[in-house]
Amino acid sequence: MPETLSAKAAPALGKTPGTDRSRARARAARKRAVLVQSTRALVLLGVIGLWEWMSRAEVIDPFNFSMPSKIWAQLKQWALHGTAQGSLWEQIWYTLYEALLGWGIGVVTGVVLGIAFGRIAFLADVLGPYIKVLNALPRIVLAPIFLIWFGLGPASKVASAVVLVFFPVFFNAFQGAREVDRNLVANSRILGASNRQVTLQVVIPSATSWIFTSLHVSFGFALIGAIVGEYIGATKGLGLLVSSSQGTFNAAGVYAAMVILAVVALLAEGLLTFLEKRLFRWKPAQPGEDR
């Protein structure tokens, strides 16, 4: 008799209240994700539909504001027949190359100098005011200067991207280095860690979440730097497409280039979010955040 009761109770052992709650939370999270994605799609379709209707009904000027159908036609024409500057994919790659190179240089220099300033108080005290002065400058106006210095090639666009990326990354890395748990640093010292070991094995890992926060914003800044540089003067790139479309009063072309830029930025944001989730699996999810 005891064996029979034990056998009947065995299947129920795996169904603990904690497991049921976890499954319920997972189902609720999936339902919420579907609801969020569906609502986003409906909002986008609603905006596009309203824009199309207002342009066709001439509630807004279709010449200045264009309409989604014309923007789609412009994208198809560029994709199938190319642009006046060459293949559309060549223009996208040219801008992406400039933005990625400027982003990489800006991130590396911002992280290295941010960590250095955060670790070496004397360096921060001496050079900190100069960094603040440079940060106060309107960096977009440096694009014409870079064009004079480096010419119409990609170097001037890369320089514009670097100056836009550097400062948010620098200040986040600096703050991350300053916010490291002092007890953790002290314990490392007690265990015999050198300055180099403390920096590499304690400070940088602790500042990584701060740095990743700046990466989400900084890639958009890199695209802005490349586009502004191309808009002012270039031989290729999406910024040149915007400038050419504006010069011929082609509103659909301007919006089409903006759509391409938005797609590139969203893809980059998605990739950074994926990498961040992989690197920070240990980090507890914030309320309302899907992990």
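One-based numbering along the sequence shown. Not measured: the values here are computed from a predicted model.
- Between W72 and V259 there is no side-chain heavy-atom pair separated by less than 4.5 Å.
- Of the inter-residue distances, the one linking M67 atom CE with I48 atom CD1 reads 14.0 Å to the nearest 0.5 angstrom.
- Atom-to-atom distance recorded for F63:CZ and K70:NZ is 9.0 Å, nearest 0.5 angstrom.
- Counting only heavy atoms from C-beta outward, the side chains of L101 and I105 approach each other to under 4.5 Å.
- For the pair V47/L44, no side-chain contact is recorded, criterion being any heavy-atom separation below 4.5 Å from C-beta on.
- When all heavy atoms of Q74 and A256 are compared, the closest pair comes out as CG-CB, 3.9 Å.
- Put simply, the side chain of L113 reaches to within 4.5 Å of the side chain of F166, judged on heavy atoms.
- Both V217 and V228 belong to a common hydrophobic cluster when Ile, Leu, Val, Met, Phe, Trp and Tyr are linked at side-chain heavy-atom distances under 4.5 angstrom.
- In this structure, the separation between CZ on F219 and CG on L267 is 9.5 Å, given to the nearest 0.5 Å.
- Put simply, V112 and L127 are part of two different groups of oily side chains (I, L, V, M, F, W, Y) that touch within less than 4.5 Å, one to the next.
- By the rule that hydrophobic residues join a cluster once side-chain heavy atoms approach within less than 4.5 Å of another member, L223 and W89 end up as members of one cluster.
- In terms of heavy atoms, W210 sits closest to N172 at O-ND2, 2.9 Å.
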Practice item. Applying ring-ring contact (aromatic ring centres under 6.0 Å, His included), run through W51 and Y255 and close with a yes or a no. Key: CA-CA 13 Å; W51 183 2; Y255 288 119; 5.3 Å; yes
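- Of the residues L241, V242, L240, the one that meets the side-chain contact (heavy atoms from CB on, under 4.5 Å) test with S244 is L240.
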Review point. Does the pair V36 and R32 meet the rule for a side-chain contact (heavy atoms from CB on, under 4.5 Å), with working shown?
Key: CA-CA 6 Å; V36 168; R32 185 180 183 278; 4.0 Å; yes
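- No more than 12 heavy-atom neighbours from other residues, nucleotides or ligands sit within 6.0 angstrom of CE on M258.
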Can I get a per-line list of side-chain donor-acceptor pairs under 3.5 Å for residues 144-156, giving both atom names and the distance, sequence neighbours left out?
from	atom 1	to	atom 2	distance (Å)
S156	OG	G151	O	3.0
S156	OG	G153	O	3.2

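- Using a 4.5 Å cut-off on side-chain heavy atoms (C-beta onward), V111 and F170 make no contact.
- Taken from CZ in R25 to CZ in R30, the straight-line distance is 12.5 Å, to the nearest 0.5 Å.
- Of the residues V165, V162, L164, V158, the one that meets the side-chain contact (heavy atoms from CB on, under 4.5 Å) test with W103 is V165.
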Check your understanding: Does the side-chain contact (heavy atoms from CB on, under 4.5 Å) test come out yes or no for T83 and Q77, once each step is laid out?
Key -> CA-CA 8 Å; T83 69; Q77 179 185 345; over 6 Å; no
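- Listed here is the closest heavy atom pair of Y94 and K236: CD2-O, 3.5 Å.
- Across all non-hydrogen atoms, the minimal contact from G118 to F174 is N-CD1, 3.5 Å.
- In terms of the side-chain hydrogen bond (donor to acceptor under 3.5 Å, both in side chains) criterion, residue partners of N64 (sequence neighbours excluded) are, by chain and number, D61.
- If you check the side chains of T95 and E230, you find a donor sitting under 3.5 Å from an acceptor.
- By the 4.5 Å heavy-atom criterion applied to side chains, P62 and R56 are not counted as neighbours.
- Going from atom CD1 of I232 over to atom CD1 of I227 covers 11.5 Å, rounded to the nearest 0.5 Å.
- Atom-to-atom distance recorded for L261:CG and L96:CG is 10.0 Å, nearest 0.5 angstrom.
- Dense packing is recorded around CZ of F171, with more than 12 heavy atoms of other residues, nucleotides or ligands lying under 6.0 Å away.
- Scanning all heavy atoms of the two residues, the minimum distance from S66 to S55 falls at O-OG, 2.7 Å.
- Residue W78 comes nearest to L88 through the heavy atom pair O-CB, 3.6 Å, listed as atom of the first residue, atom of the second, then distance.
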